[in-house]
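I have placed the structure first, in the form of structure tokens, so that the comments after it can refer back to it.
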There are 2 protein chains.
Amino acid sequence: MDKPLTKPSIREINERVILAAAESVFAERGFSGATMSMIAKRAGSPKANIHYYFPTKETLYRAVVARVLTAWLDAARSFDASDDPKEALTAYIGAKMDLAREMPLSSQIYASEMMRGAPVVQDYLETTLSAWVAERSGVVRRWIAQGKLKPIEPKYLFFMIWATTQHYANAAHEMATLEGGPLSDEAFERAKGQVAQTVLFGVAAGG
Amino acid sequence: MDKPLTKPSIREINERVILAAAESVFAERGFSGATMSMIAKRAGSPKANIHYYFPTKETLYRAVVARVLTAWLDAARSFDASDDPKEALTAYIGAKMDLAREMPLSSQIYASEMMRGAPVVQDYLETTLSAWVAERSGVVRRWIAQGKLKPIEPKYLFFMIWATTQHYANAAHEMATLEGGPLSDEAFERAKGQVAQTVLFGVAAGG
DNA sequence: GTCTATAATCGGATAGAC
DNA sequence: GTCTATCCGATTATAGAC
């Protein structure tokens with residue numbers, strides 16, 4: 001967007017390091033629970049330096065959330081990979097599952113944001129996400145009309161997919177405890193497959 | 001447990017009021033974000049009084065979480081309502097959905113607890129919940145052996161049910177924004193039915 | 001058991017030297 | 001651009017009168 005290929009300036013490098021540190025602290029402790037000292041320590045620079053790059057705690061938080069939304073929207077595109085419900089849903093669920101596994105911190109921040117009433121992402125909910133849901137709901141309804149899916153309410157299907165996939169990030173600790181350790185790659189792939197299969201059989205026409 | 005029928009003592013009454021206030025504040029702001037002043041104000045008594053009943057913020061938080069777990073376990077019992085998978089799962093999903101709708105604050109507190117790494121409920125995860133999952137996994141495997149369900153991993157089924165049902169509490173704000181207002185009772189009942197149907201068709205044998 | 005006043009601490013933010 | 005020292009408001013917790 002604003003970066004050519006050359007010149008990873010000092011500012012850029014430092015911002016990256018700070019954002020990564022902030023993301024992990026915000027995920028663990030929530031907005032209020034996170035402290036600038038903690039973020040500074042994890043970023044490896046003195047507290048005042050954090051304030052030099054991000055004037056206030058809220059500025060920093062907003063920057064972190066912005067990155068989360070970008071990743072979210074990228075994954076959302078996989079829904080459009082195919083016009084066949086089986087393929088589209090499998091791709092979408094897979095992408096969301098992978099996102100939860102690869103960026104668990106983002107997922108937790110998003111969840112916290114929602115529970116706080118979306119003070120920062122309200123605008124995103126009302127514009128980008130609403131539009132996405134409206135459009136894809138149309139696609140789902142078309143599949144229903146074509147007899148490919150059961151007559152379901154598309155929104156509740158999306159809620160279910162979001163819930164289940166994000167749960168693999170939000171409740172990673174719970175799962176790890178119940179499994180006796182973090183989900184292995186193999187276990188995760190099995191889970192991914194089962195989620196996709198369950199949803200597909202759950203909504204496929206002719207049950 | 002420790003209360004006969006008579007004598008709702010002053011202590012009991014006040015503790016109840018304080019716990020209710022604390023629950024709502026902890027749900028909205030998380031542990032660190034909640035302040036004792038906020039809780040006191042919502043409970044309608046001076047801050048020092050809160051400390052009289054609950055010496056520290058953490059004591060109070062633990063008491064709130066204890067109530068959450070009780071409600072959780074009550075709902076879990078509905079799984080045992082029947083030995084038929086269709087009935088058992090429908091009852092269980094319904095109970096969890098109702099719980100999310102009737103006690104959204106508890107659900108949010110539980111979710112926050114998990115994201116923080118379960119500092120308070122770790123013991124519950126390792127004992128009570130682990131045992132519950134182990135036992136019910138056995139039941140599910142029996143259903144599979146009887147040809148009533150697809151050969152799935154029971155744990156991932158439970159994860160999916162927990163995720164989806166809790167999502168109706170945790171993401172209530174997101175849903176409300178997308179729906180243009182809070183889910184009506186009718187919409188919620190439709191959602192409940194669709195979730196149950198999707199899961200049932202999703203795991204039923206012979207897809 | 002209730003409440004006002006206050007102690008003690010913590011955390012966000014800033015000043016200003018380097 | 002970096003960092004030490006510090007300010008100041010907010011927050012947990014307590015003392016002690018009623």
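Here is the naming used below: chain letters follow the sequence lines, and residue numbers restart at 1 for every chain.
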N/O donor-acceptor pair under 3.5 Å between B:Glu153 side chain and A:Ala191 backbone: no
Using whole Å, report how far CD1 of B:Ile50 lies from P of C:dT4. 13 Å
Provide, to the nearest angstrom, the distance between the OH atom belonging to A:Tyr52 and the C1' atom belonging to D:dA5. 20 Å
Roughly how many Å is it from NZ in B:Lys41 to P in D:dT11, rounded to a whole number? 11 Å
C:dT2, OP1 or OP2 - any side-chain N/O from B:Tyr53 closer than 4.0 Å? yes
Please report, rounded to the nearest Å, how far the P atom of D:dC3 is from the CG atom of A:Asn49. 6 Å
Any pair with a residue in residues 95-119 of chain A that passes ring pair (Phe, Tyr, Trp, His ring centres under 6.0 Å), sequence neighbours left out, goes on the list, sorted by first then second residue, please. A:Trp72-A:Tyr110
Measuring to OP1 and OP2 of C:dT2, would you say a side-chain N or O of B:Asn14 lies under 4.0 angstrom away? yes
Classify the side-chain pair A:His173/B:Gln122 by whether it contains a donor and acceptor separated by less than 3.5 Å. yes
Non-neighbouring partners of B:His51 that pass side-chain hydrogen bond (donor to acceptor under 3.5 Å, both in side chains), sequence neighbours left out: none
Using atom types as modelled and distance alone, determine if a side-chain donor or acceptor of A:Ser130 lies under 3.5 Å from a backbone N or O of A:Leu125. yes
Spacing of B:Glu12 atom CD relative to C:dG1 atom C1', expressed in whole Å: 15 Å
For the residue pair A:Arg67 and A:Tyr61, would you count it as a cation-pi contact if the rule is NZ or CZ under 6.0 angstrom from the ring centre and within 45 degrees of the ring axis? no
How would you summarise protein contacts on nucleotides 12-18 of chain C per nucleotide, using B for base, S for sugar-phosphate only and - for none, with heavy-atom distances below 4.0 Å? BBBB---
Could you tell me the separation between the CD1 atom of B:Ile13 and the C1' atom of C:dT2, rounded to a whole number of Å? 15 Å
